[in-house]
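Working notes, structure below.
We name chains A, B, ... by the order of the sequence lines, and we start the count at 1 in each one.
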Number of protein chains: 2
Amino acid sequence: MSSENKMDSRKVQQAVERCKSKGLRCTKLMGLTIELLVRTGKPLTVSEIISSAEIADRYDQASVYRLMTRLEEKGIVRRLGLRERAASFVLRHLHEHDDYIVCTSCGVVERVEIDCPVAPLEGIIASASGFRNLEHELEFFGVCPRCPAA
Amino acid sequence: MSSENKMDSRKVQQAVERCKSKGLRCTKLMGLTIELLVRTGKPLTVSEIISSAEIADRYDQASVYRLMTRLEEKGIVRRLGLRERAASFVLRHLHEHDDYIVCTSCGVVERVEIDCPVAPLEGIIASASGFRNLEHELEFFGVCPRCPAA
DNA sequence: GTAATTGCAAATCATTTGCTTCGTA
DNA sequence: TACGAAGCAAATGATTTGCAATTAC
């Protein structure tokens, strides 16, 4: 666990460093939020961030929304839809792109352990469609092993 | 164009038929909505449906929301909306699964003309994760040819 | 010091819900 | 006729915005 914590704090530092290099100011809220994202390692909604122990009642929702928007614009986090009403955010690690699988019954989200099959197609689609700077989002939905069948 | 209209009305009839066979009642609003989805052939939000010429001011938003929910539950339409705030809906044609590309600048949505590369993986992911009844959602994002570079 | 960030309050947008009325099977 | 669907109004939840007070660089 201590090695995990070390890895985590390195990740936090790297992310904060990236923010700085993109011209963002490094604030307390930013640090806490990035740390939370690293520690949980899962997509979090703004309301989950807000209600985390460190942030609860000490920061305003609007500030968190604005922060996440900034982080997304600078490519620090990725915004996911996950078919939920509220958007979720995950840290972007360099050269990593995770896909997720969501339980349509209980809502748990898990990372899909597979090489993303879509990335190689982006070039083809870009030239066929004329679109530039392609990205993609891939999500799977199903019923998780812990939920009863419908 | 007349041949297009013929194909369209056949599609509408088929979709309505499917609704009926699933136990839904065939109402005026359902007919108009399905016709609109067929005619435009693109994902539409509830507010786009509401503001269409035929439906505007004659039906209630809540009714459209409830209709779309029913249609989705019965597998008649597919709900999309990975990055937009409002969900969009497209008709599901049997054995067809379309993926879309969205312009992050102006918002246009186009169908991606490529065989979906993800479907074959669903079996693998299902057994690796333990999830059942897998589906997926794949969307591409980029800047369309008509938008200037950022 | 100055521009970016936050706090607070209010506005907006998407969606849902309760309850009554209507229309289809 | 009975039950699903629509109308209407109000509630909820997520996100955005304006403006004044703060704070990082």
Q: Would you mind telling me which of C:dC13, D:dG4, D:dA6 lies closest to the side-chain atoms of B:Arg25?
A: D:dG4
Q: For A:Ile49 and D:dT15, give me the distance from atom CD1 to atom C1', rounded to whole Å.
A: 14 Å
Q) Nearest-Å distance, NZ (A:Lys74) to P (C:dA4)? A) 10 Å
Q. If each of B:Cys26 and B:Thr45 is mapped to the nucleotide of DNA chain C with the nearest heavy atom, which maps nearer the 5' terminus, i.e. the 5' end?
A. B:Thr45
Q. So, is B:Thr27 close to the D:dA6 phosphate, meaning a side-chain N or O under 4.0 Å from OP1 or OP2?
A. yes
(Q) Both B:Leu67 and A:Lys20 contact DNA chain D. Taking the nearest nucleotide for each, which residue is further toward the 5' end? (A) B:Leu67
Q: To the nearest Å, give me how far apart CD (B:Gln61) and C1' (D:dA5) are.
A: 17 Å
**Q.** Phosphate contact (C:dG7 OP1 or OP2) by A:Ser63 side-chain N/O below 4.0 Å
**A.** yes
Q. Under 4.0 Å between a side-chain N/O of A:Tyr65 and OP1 or OP2 of D:dT15, yes or no?
A. yes
(Q) Looking only at the side chain of B:Arg66 (C-beta and beyond, no hydrogens), which of the listed nucleotides C:dT6, C:dT15, D:dC8 gets closest? (A) D:dC8
Q.
What is the separation between atom CZ on B:Arg85 and atom P on C:dA11, rounded to the nearest whole Å?
A. 16 Å
Q. Below 4.5 Å, heavy atoms only, C-beta onward: do A:Leu80 and A:Glu137 meet side chain to side chain?
A. yes
Q.
The side chain of A:Tyr59 is closest to which nucleotide in this list: C:dG7, D:dC8, D:dA6?
A. C:dG7
Q) Is the NZ or CZ atom of B:Arg83 positioned over B:Phe141's six-membered ring, under 6.0 angstrom from the centre and within 45° of the axis? A) yes
Q | Nearest-neighbour nucleotide for the A:Arg70 side chain, C:dC8, D:dG7, C:dT5 considered | A | C:dT5
**Q.** Nearest to side-chain heavy atoms of B:Ala62, which nucleotide of D:dT15, C:dT15, C:dT16
**A.** C:dT16
